[in-house]
There are 2 protein chains.
Amino acid sequence: MKRHVLIFGVVGGLLIAALQYTEYRFIIIEHSVELYGALVAILFAAFGIWLGLRITRSRETVRETVVVREVLVPADAPAVGPFAPNTARQQTLGITARELEILALIARGLSNREIATQLFVSENTVKTHCARAFDKLGAARRTQAVQRGKELGLLP
Amino acid sequence: MKRHVLIFGVVGGLLIAALQYTEYRFIIIEHSVELYGALVAILFAAFGIWLGLRITRSRETVRETVVVREVLVPADAPAVGPFAPNTARQQTLGITARELEILALIARGLSNREIATQLFVSENTVKTHCARAFDKLGAARRTQAVQRGKELGLLP
DNA sequence: CAAAAAATCATGCGAAAGGGTGACGACAGC
DNA sequence: GCTGTCGTCACCCTTTCGCATGATTTTTTG
(Lines give C-alpha, C1' and ligand atoms only; values in the text may rest on other atoms or scores of the structure.)
Protein backbone atom coordinates (compact mmCIF):
# COMPACT_ATOMS: atom_id res chain seq x y z
CA MET A 1 0.00 0.00 0.00
CA LYS A 2 2.84 2.34 0.75
CA ARG A 3 4.30 1.60 -2.59
CA HIS A 4 1.17 2.83 -4.30
CA VAL A 5 1.52 6.19 -2.66
CA LEU A 6 5.12 6.34 -3.75
CA ILE A 7 4.25 5.47 -7.30
CA PHE A 8 1.50 8.01 -7.21
CA GLY A 9 3.90 10.73 -6.16
CA VAL A 10 6.52 9.73 -8.66
CA VAL A 11 4.06 9.66 -11.50
CA GLY A 12 2.77 13.03 -10.50
CA GLY A 13 6.24 14.52 -10.38
CA LEU A 14 7.27 13.07 -13.68
CA LEU A 15 4.05 14.22 -15.26
CA ILE A 16 4.54 17.77 -14.13
CA ALA A 17 8.12 17.61 -15.33
CA ALA A 18 6.90 16.40 -18.68
CA LEU A 19 4.44 19.23 -18.77
CA GLN A 20 7.15 21.75 -18.08
CA TYR A 21 9.35 20.18 -20.67
CA THR A 22 6.76 20.26 -23.36
CA GLU A 23 5.85 23.76 -22.42
CA TYR A 24 9.34 24.98 -23.08
CA ARG A 25 10.07 22.98 -26.16
CA PHE A 26 6.89 23.09 -28.15
CA ILE A 27 5.02 25.95 -29.58
CA ILE A 28 2.32 26.80 -27.17
CA ILE A 29 -0.89 26.65 -29.04
CA GLU A 30 -4.11 28.20 -28.01
CA HIS A 31 -5.78 25.64 -25.82
CA SER A 32 -2.62 24.19 -24.43
CA VAL A 33 -3.84 24.29 -20.86
CA GLU A 34 -6.88 22.28 -21.72
CA LEU A 35 -4.75 19.83 -23.65
CA TYR A 36 -2.43 19.36 -20.72
CA GLY A 37 -5.36 18.99 -18.45
CA ALA A 38 -6.84 16.35 -20.67
CA LEU A 39 -3.53 14.54 -20.79
CA VAL A 40 -3.24 14.55 -17.04
CA ALA A 41 -6.84 13.51 -16.70
CA ILE A 42 -6.48 10.54 -19.01
CA LEU A 43 -3.29 9.34 -17.43
CA PHE A 44 -4.58 9.62 -13.93
CA ALA A 45 -7.86 8.05 -14.80
CA ALA A 46 -5.99 5.06 -16.16
CA PHE A 47 -3.82 4.99 -13.09
CA GLY A 48 -6.84 5.17 -10.85
CA ILE A 49 -8.52 2.33 -12.66
CA TRP A 50 -5.42 0.24 -12.29
CA LEU A 51 -5.17 1.13 -8.63
CA GLY A 52 -8.81 0.37 -8.04
CA LEU A 53 -8.46 -3.01 -9.67
CA ARG A 54 -5.37 -3.77 -7.70
CA ILE A 55 -6.83 -2.80 -4.38
CA THR A 56 -10.05 -4.68 -4.77
CA ARG A 57 -8.76 -7.74 -6.50
CA SER A 58 -8.22 -10.04 -3.57
CA ARG A 59 -11.41 -9.23 -1.73
CA GLU A 60 -13.33 -9.82 -4.86
CA THR A 61 -11.96 -13.28 -5.38
CA VAL A 62 -12.82 -14.28 -1.88
CA ARG A 63 -16.30 -12.94 -2.19
CA GLU A 64 -16.84 -14.80 -5.40
CA THR A 65 -15.69 -18.05 -3.92
CA VAL A 66 -18.03 -17.67 -1.01
CA VAL A 67 -20.96 -16.91 -3.24
CA VAL A 68 -20.36 -19.90 -5.42
CA ARG A 69 -19.93 -22.19 -2.49
CA GLU A 70 -23.18 -21.09 -0.97
CA VAL A 71 -25.08 -21.82 -4.12
CA LEU A 72 -24.55 -25.53 -4.40
CA VAL A 73 -23.74 -27.77 -1.49
CA PRO A 74 -25.96 -30.75 -2.38
CA ALA A 75 -23.52 -33.21 -3.83
CA ASP A 76 -24.70 -35.59 -6.55
CA ALA A 77 -25.80 -33.02 -9.08
CA PRO A 78 -23.16 -33.47 -11.73
CA ALA A 79 -24.78 -31.88 -14.74
CA VAL A 80 -26.35 -28.66 -13.57
CA GLY A 81 -25.62 -25.97 -11.03
CA PRO A 82 -22.87 -23.36 -11.08
CA PHE A 83 -20.18 -25.86 -10.10
CA ALA A 84 -19.04 -26.20 -6.52
CA PRO A 85 -15.29 -26.52 -6.17
CA ASN A 86 -14.38 -29.18 -3.70
CA THR A 87 -13.02 -26.88 -1.02
CA ALA A 88 -12.37 -29.73 1.37
CA ARG A 89 -10.02 -31.46 -1.06
CA GLN A 90 -8.55 -28.16 -2.01
CA GLN A 91 -7.62 -27.45 1.58
CA THR A 92 -6.23 -30.89 2.27
CA LEU A 93 -3.99 -30.44 -0.72
CA GLY A 94 -3.07 -26.95 0.43
CA ILE A 95 -4.07 -25.36 -2.84
CA THR A 96 -4.69 -21.66 -2.45
CA ALA A 97 -7.48 -19.72 -4.10
CA ARG A 98 -5.06 -18.00 -6.40
CA GLU A 99 -3.54 -21.24 -7.55
CA LEU A 100 -6.97 -22.64 -8.25
CA GLU A 101 -7.87 -19.54 -10.15
CA ILE A 102 -4.85 -19.94 -12.37
CA LEU A 103 -5.57 -23.63 -12.73
CA ALA A 104 -9.01 -22.79 -14.05
CA LEU A 105 -7.53 -20.44 -16.61
CA ILE A 106 -5.09 -23.12 -17.66
CA ALA A 107 -8.01 -25.46 -18.15
CA ARG A 108 -9.56 -22.88 -20.43
CA GLY A 109 -6.52 -23.20 -22.65
CA LEU A 110 -4.81 -19.93 -21.86
CA SER A 111 -1.06 -19.55 -22.00
CA ASN A 112 0.93 -18.24 -19.07
CA ARG A 113 1.26 -14.90 -20.76
CA GLU A 114 -2.44 -14.59 -21.37
CA ILE A 115 -3.16 -15.50 -17.79
CA ALA A 116 -0.67 -12.91 -16.61
CA THR A 117 -2.34 -10.25 -18.73
CA GLN A 118 -5.79 -11.17 -17.55
CA LEU A 119 -4.84 -11.17 -13.87
CA PHE A 120 -2.61 -8.08 -14.04
CA VAL A 121 0.46 -9.88 -12.81
CA SER A 122 3.76 -10.81 -14.37
CA GLU A 123 4.31 -13.98 -16.29
CA ASN A 124 6.86 -15.08 -13.72
CA THR A 125 4.24 -14.93 -11.02
CA VAL A 126 1.94 -17.09 -13.05
CA LYS A 127 4.75 -19.56 -13.48
CA THR A 128 5.33 -19.67 -9.76
CA HIS A 129 1.67 -20.35 -9.07
CA CYS A 130 1.71 -23.00 -11.76
CA ALA A 131 4.72 -24.75 -10.31
CA ARG A 132 3.21 -24.83 -6.84
CA ALA A 133 -0.14 -26.02 -8.05
CA PHE A 134 1.48 -28.72 -10.15
CA ASP A 135 3.52 -29.82 -7.21
CA LYS A 136 0.49 -30.07 -4.97
CA LEU A 137 -1.42 -31.96 -7.61
CA GLY A 138 1.45 -34.23 -8.43
CA ALA A 139 1.38 -33.15 -12.04
CA ALA A 140 4.31 -32.59 -14.34
CA ARG A 141 2.44 -30.87 -17.14
CA ARG A 142 -0.42 -28.44 -17.35
CA THR A 143 -2.60 -30.90 -19.20
CA GLN A 144 -2.00 -33.40 -16.45
CA ALA A 145 -2.80 -30.79 -13.83
CA VAL A 146 -6.10 -30.07 -15.54
CA GLN A 147 -6.91 -33.76 -15.68
CA ARG A 148 -6.13 -34.20 -11.98
CA GLY A 149 -8.05 -31.06 -11.10
CA LYS A 150 -11.15 -32.38 -12.80
CA GLU A 151 -10.76 -35.78 -11.23
CA LEU A 152 -10.57 -34.20 -7.80
CA GLY A 153 -13.57 -31.97 -8.39
CA LEU A 154 -11.55 -28.79 -8.29
CA LEU A 155 -12.44 -27.81 -11.84
CA PRO A 156 -15.72 -28.04 -13.73
CA MET B 1 17.18 -3.18 -8.05
CA LYS B 2 13.61 -2.09 -7.80
CA ARG B 3 14.46 0.07 -4.85
CA HIS B 4 16.96 1.96 -6.93
CA VAL B 5 14.35 2.76 -9.48
CA LEU B 6 12.01 3.95 -6.76
CA ILE B 7 14.62 6.12 -5.13
CA PHE B 8 15.53 7.53 -8.48
CA GLY B 9 11.95 8.41 -9.19
CA VAL B 10 11.38 9.95 -5.79
CA VAL B 11 14.50 12.03 -5.92
CA GLY B 12 13.66 13.17 -9.40
CA GLY B 13 10.18 14.13 -8.40
CA LEU B 14 11.31 16.01 -5.31
CA LEU B 15 14.00 17.79 -7.25
CA ILE B 16 11.59 18.95 -9.84
CA ALA B 17 9.20 20.04 -7.15
CA ALA B 18 11.95 21.97 -5.42
CA LEU B 19 12.97 23.65 -8.62
CA GLN B 20 9.43 24.63 -9.35
CA TYR B 21 8.98 25.97 -5.87
CA THR B 22 12.10 28.13 -5.80
CA GLU B 23 11.52 29.39 -9.24
CA TYR B 24 7.94 30.36 -8.93
CA ARG B 25 7.16 30.86 -5.31
CA PHE B 26 6.77 34.60 -5.71
CA ILE B 27 4.09 34.58 -8.30
CA ILE B 28 1.21 32.46 -7.24
CA ILE B 29 -0.75 33.08 -10.36
CA GLU B 30 1.93 31.37 -12.36
CA HIS B 31 1.09 28.21 -10.55
CA SER B 32 -2.31 28.10 -12.06
CA VAL B 33 -1.33 25.54 -14.65
CA GLU B 34 0.25 23.23 -12.14
CA LEU B 35 -2.53 23.71 -9.67
CA TYR B 36 -5.05 23.04 -12.33
CA GLY B 37 -3.17 19.95 -13.41
CA ALA B 38 -2.85 18.66 -9.87
CA LEU B 39 -6.51 19.26 -9.25
CA VAL B 40 -7.51 17.45 -12.37
CA ALA B 41 -5.07 14.68 -11.53
CA ILE B 42 -6.48 14.13 -8.08
CA LEU B 43 -10.03 14.28 -9.28
CA PHE B 44 -9.45 11.85 -12.07
CA ALA B 45 -7.43 9.53 -9.91
CA ALA B 46 -10.36 9.37 -7.53
CA PHE B 47 -12.68 8.90 -10.44
CA GLY B 48 -10.49 6.14 -11.77
CA ILE B 49 -10.48 4.34 -8.46
CA TRP B 50 -14.21 4.57 -8.27
CA LEU B 51 -14.48 3.39 -11.84
CA GLY B 52 -12.12 0.54 -11.10
CA LEU B 53 -14.31 -0.51 -8.21
CA ARG B 54 -17.35 -0.31 -10.36
CA ILE B 55 -15.79 -2.29 -13.18
CA THR B 56 -14.67 -4.94 -10.79
CA ARG B 57 -18.07 -5.19 -9.23
CA SER B 58 -19.78 -5.60 -12.55
CA ARG B 59 -17.18 -8.09 -13.65
CA GLU B 60 -18.01 -10.13 -10.62
CA THR B 61 -21.59 -10.35 -11.70
CA VAL B 62 -20.56 -11.16 -15.22
CA ARG B 63 -18.28 -13.87 -13.98
CA GLU B 64 -21.09 -15.49 -12.11
CA THR B 65 -23.24 -15.46 -15.18
CA VAL B 66 -20.48 -17.01 -17.19
CA VAL B 67 -20.15 -19.78 -14.68
CA VAL B 68 -23.79 -20.64 -15.01
CA ARG B 69 -23.54 -20.62 -18.75
CA GLU B 70 -20.49 -22.81 -18.69
CA VAL B 71 -22.34 -25.52 -16.91
CA LEU B 72 -24.92 -25.56 -19.63
CA VAL B 73 -22.33 -26.23 -22.31
CA PRO B 74 -21.70 -29.94 -21.77
CA ALA B 75 -25.31 -30.57 -22.63
CA ASP B 76 -25.49 -33.38 -25.15
CA ALA B 77 -23.34 -35.70 -23.07
CA PRO B 78 -25.63 -38.38 -21.66
CA ALA B 79 -24.82 -39.47 -18.15
CA VAL B 80 -22.70 -42.58 -18.36
CA GLY B 81 -21.70 -45.11 -20.97
CA PRO B 82 -18.45 -45.52 -22.87
CA PHE B 83 -18.76 -42.08 -24.41
CA ALA B 84 -19.84 -41.60 -27.99
CA PRO B 85 -17.52 -39.22 -29.84
CA ASN B 86 -19.36 -36.82 -32.05
CA THR B 87 -18.35 -38.33 -35.38
CA ALA B 88 -20.43 -35.89 -37.34
CA ARG B 89 -18.55 -32.90 -35.98
CA GLN B 90 -15.32 -34.80 -36.29
CA GLN B 91 -15.89 -35.33 -39.99
CA THR B 92 -16.98 -31.80 -40.68
CA LEU B 93 -13.74 -30.65 -39.09
CA GLY B 94 -11.78 -33.24 -41.04
CA ILE B 95 -10.21 -34.73 -37.96
CA THR B 96 -8.92 -38.23 -38.58
CA ALA B 97 -9.23 -41.12 -36.17
CA ARG B 98 -5.54 -41.06 -35.45
CA GLU B 99 -5.59 -37.39 -34.62
CA LEU B 100 -8.51 -37.89 -32.27
CA GLU B 101 -6.71 -40.77 -30.63
CA ILE B 102 -3.73 -38.58 -29.92
CA LEU B 103 -6.01 -35.80 -28.77
CA ALA B 104 -7.51 -38.13 -26.21
CA LEU B 105 -4.08 -39.04 -24.91
CA ILE B 106 -3.20 -35.39 -24.66
CA ALA B 107 -6.35 -34.85 -22.63
CA ARG B 108 -5.14 -37.55 -20.28
CA GLY B 109 -2.12 -35.40 -19.57
CA LEU B 110 0.50 -37.36 -21.47
CA SER B 111 3.51 -35.71 -23.05
CA ASN B 112 4.36 -36.12 -26.69
CA ARG B 113 7.09 -38.56 -25.81
CA GLU B 114 4.79 -40.68 -23.69
CA ILE B 115 2.21 -40.74 -26.45
CA ALA B 116 4.88 -41.77 -28.95
CA THR B 117 5.98 -44.61 -26.72
CA GLN B 118 2.46 -45.78 -26.12
CA LEU B 119 1.55 -45.78 -29.80
CA PHE B 120 4.87 -47.18 -31.01
CA VAL B 121 5.59 -44.24 -33.27
CA SER B 122 8.18 -41.50 -33.22
CA GLU B 123 7.78 -38.29 -31.32
CA ASN B 124 7.93 -36.33 -34.54
CA THR B 125 4.90 -38.19 -35.81
CA VAL B 126 3.01 -37.32 -32.68
CA LYS B 127 3.96 -33.70 -33.18
CA THR B 128 2.69 -33.78 -36.73
CA HIS B 129 -0.64 -35.20 -35.64
CA CYS B 130 -0.79 -32.62 -32.90
CA ALA B 131 -0.13 -29.77 -35.26
CA ARG B 132 -2.80 -30.92 -37.69
CA ALA B 133 -5.35 -31.50 -34.96
CA PHE B 134 -4.60 -28.12 -33.43
CA ASP B 135 -5.00 -26.49 -36.79
CA LYS B 136 -8.35 -28.15 -37.41
CA LEU B 137 -9.54 -27.22 -33.95
CA GLY B 138 -8.26 -23.70 -34.17
CA ALA B 139 -6.13 -24.22 -31.10
CA ALA B 140 -2.67 -22.90 -30.42
CA ARG B 141 -1.93 -25.00 -27.35
CA ARG B 142 -2.69 -28.51 -26.26
CA THR B 143 -4.73 -27.32 -23.31
CA GLN B 144 -6.79 -25.22 -25.69
CA ALA B 145 -7.21 -28.17 -28.00
CA VAL B 146 -8.48 -30.27 -25.12
CA GLN B 147 -10.91 -27.56 -24.14
CA ARG B 148 -12.21 -27.26 -27.68
CA GLY B 149 -12.40 -31.01 -28.05
CA LYS B 150 -14.59 -31.29 -24.99
CA GLU B 151 -16.76 -28.42 -26.09
CA LEU B 152 -17.33 -30.08 -29.42
CA GLY B 153 -18.11 -33.44 -27.90
CA LEU B 154 -15.04 -35.08 -29.33
CA LEU B 155 -13.61 -35.95 -25.95
CA PRO B 156 -15.29 -37.26 -22.78
C1' DC C 1 2.02 -6.06 16.79
C1' DA C 2 4.71 -10.19 15.38
C1' DA C 3 4.66 -14.49 13.03
C1' DA C 4 2.94 -17.17 9.36
C1' DA C 5 0.99 -17.63 4.97
C1' DA C 6 0.27 -16.10 0.53
C1' DA C 7 1.22 -13.37 -3.41
C1' DT C 8 4.42 -11.10 -6.15
C1' DC C 9 8.62 -10.73 -9.19
C1' DA C 10 13.17 -11.96 -11.09
C1' DT C 11 16.78 -14.91 -13.30
C1' DG C 12 18.69 -18.73 -15.45
C1' DC C 13 18.49 -22.99 -17.59
C1' DG C 14 16.99 -27.25 -19.78
C1' DA C 15 13.21 -29.55 -21.64
C1' DA C 16 9.01 -29.62 -24.02
C1' DA C 17 5.98 -27.88 -27.29
C1' DG C 18 4.77 -25.75 -31.58
C1' DG C 19 5.38 -24.01 -36.62
C1' DG C 20 7.12 -24.83 -41.05
C1' DT C 21 8.80 -27.61 -44.58
C1' DG C 22 9.83 -31.61 -47.14
C1' DA C 23 9.64 -36.38 -47.99
C1' DC C 24 8.17 -41.32 -48.56
C1' DG C 25 5.13 -45.38 -48.71
C1' DA C 26 0.45 -47.42 -48.52
C1' DC C 27 -4.02 -47.45 -50.18
C1' DA C 28 -8.45 -46.12 -52.26
C1' DG C 29 -10.90 -44.24 -56.10
C1' DC C 30 -11.40 -42.46 -60.68
C1' DG D 1 -1.96 -45.26 -64.91
C1' DC D 2 -2.83 -40.86 -61.90
C1' DT D 3 -4.56 -38.42 -57.84
C1' DG D 4 -5.71 -37.62 -53.16
C1' DT D 5 -5.65 -38.84 -48.40
C1' DC D 6 -3.43 -40.66 -44.51
C1' DG D 7 0.16 -42.07 -41.64
C1' DT D 8 4.79 -41.93 -40.89
C1' DC D 9 9.36 -39.52 -40.07
C1' DA D 10 13.02 -35.96 -40.11
C1' DC D 11 15.07 -31.33 -39.69
C1' DC D 12 15.33 -26.59 -38.12
C1' DC D 13 13.89 -22.86 -35.56
C1' DT D 14 11.25 -20.21 -32.15
C1' DT D 15 8.40 -19.99 -28.36
C1' DT D 16 6.59 -21.71 -24.27
C1' DC D 17 6.89 -24.58 -20.06
C1' DG D 18 8.61 -26.26 -16.03
C1' DC D 19 12.00 -26.25 -12.24
C1' DA D 20 15.01 -24.28 -8.83
C1' DT D 21 16.24 -20.43 -6.13
C1' DG D 22 16.01 -16.29 -3.85
C1' DA D 23 13.91 -12.07 -2.63
C1' DT D 24 10.27 -8.67 -1.39
C1' DT D 25 5.71 -7.31 -0.34
C1' DT D 26 1.07 -7.96 1.10
C1' DT D 27 -2.41 -10.31 3.71
C1' DT D 28 -3.93 -13.11 7.27
C1' DT D 29 -3.76 -14.78 11.79
C1' DG D 30 -2.66 -15.72 16.53
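Every chain is numbered from 1, with letters handed out A, B, ... down the list of sequences.
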Comparing B:Lys127 with B:Gly94, nearest DNA chain D nucleotide closer to 5' gives the residue B:Gly94
Please report the distance, rounded to the nearest Å, between [atom1] in [X] and [atom2] in [N].
X: B:Asn124; N: D:dC6; atom1: CG; atom2: P; result: 21 Å
X: A:Leu100; N: C:dA7; atom1: CG; atom2: P; result: 11 Å
X: B:Phe120; N: D:dG7; atom1: CZ; atom2: P; result: 18 Å
X: A:Leu137; N: D:dC19; atom1: CG; atom2: C1'; result: 16 Å
X: A:Leu105; N: D:dC17; atom1: CG; atom2: P; result: 13 Å
X: A:Asn112; N: C:dT8; atom1: CG; atom2: P; result: 14 Å
X: A:Arg113; N: D:dT15; atom1: CZ; atom2: P; result: 9 Å
X: B:Phe134; N: C:dA17; atom1: CZ; atom2: C1'; result: 8 Å

Measuring from the side chain of [X] (C-beta onward, heavy atoms only), which nucleotide among [options] has the closest atom?
X: A:Ser111; options: D:dG7, C:dG19, D:dC17; result: D:dC17
X: B:Ala131; options: C:dG19, C:dA7, D:dG18; result: C:dG19
X: B:Ser122; options: D:dA10, D:dC6, D:dT8; result: D:dA10

Contact under 4.0 Å: A:Thr96 side-chain N or O vs C:dA7 OP1/OP2: yes
Under 4.0 Å between a side-chain N/O of A:Arg142 and OP1 or OP2 of D:dG18, yes or no? yes
Does A:Gln90 use its side chain to pair, donor to acceptor, with the backbone of A:Ile95 at less than 3.5 Å? yes
Check: B:Gly94 main-chain N/O paired with B:Lys136 side-chain donor or acceptor under 3.5 Å: yes
Heavy-atom nearest nucleotide on DNA chain C taken for B:Ile106 and for A:Arg132; more 5' hit belongs to A:Arg132
Whichever of B:Thr128 and B:Ala140 has the more 5' nearest nucleotide on DNA chain C, that residue is B:Ala140
Once rounded to the nearest 0.5 Å, what's the spacing between atom CZ of A:Arg141 and atom CZ of A:Phe134? 10.0 Å
Once you round to the nearest 0.5 Å, how far does CG of A:Leu137 lie from CZ of A:Arg142? 13.0 Å
Note, B:Leu152 side chain near B:Leu93 side chain (heavy atom, < 4.5 Å): yes
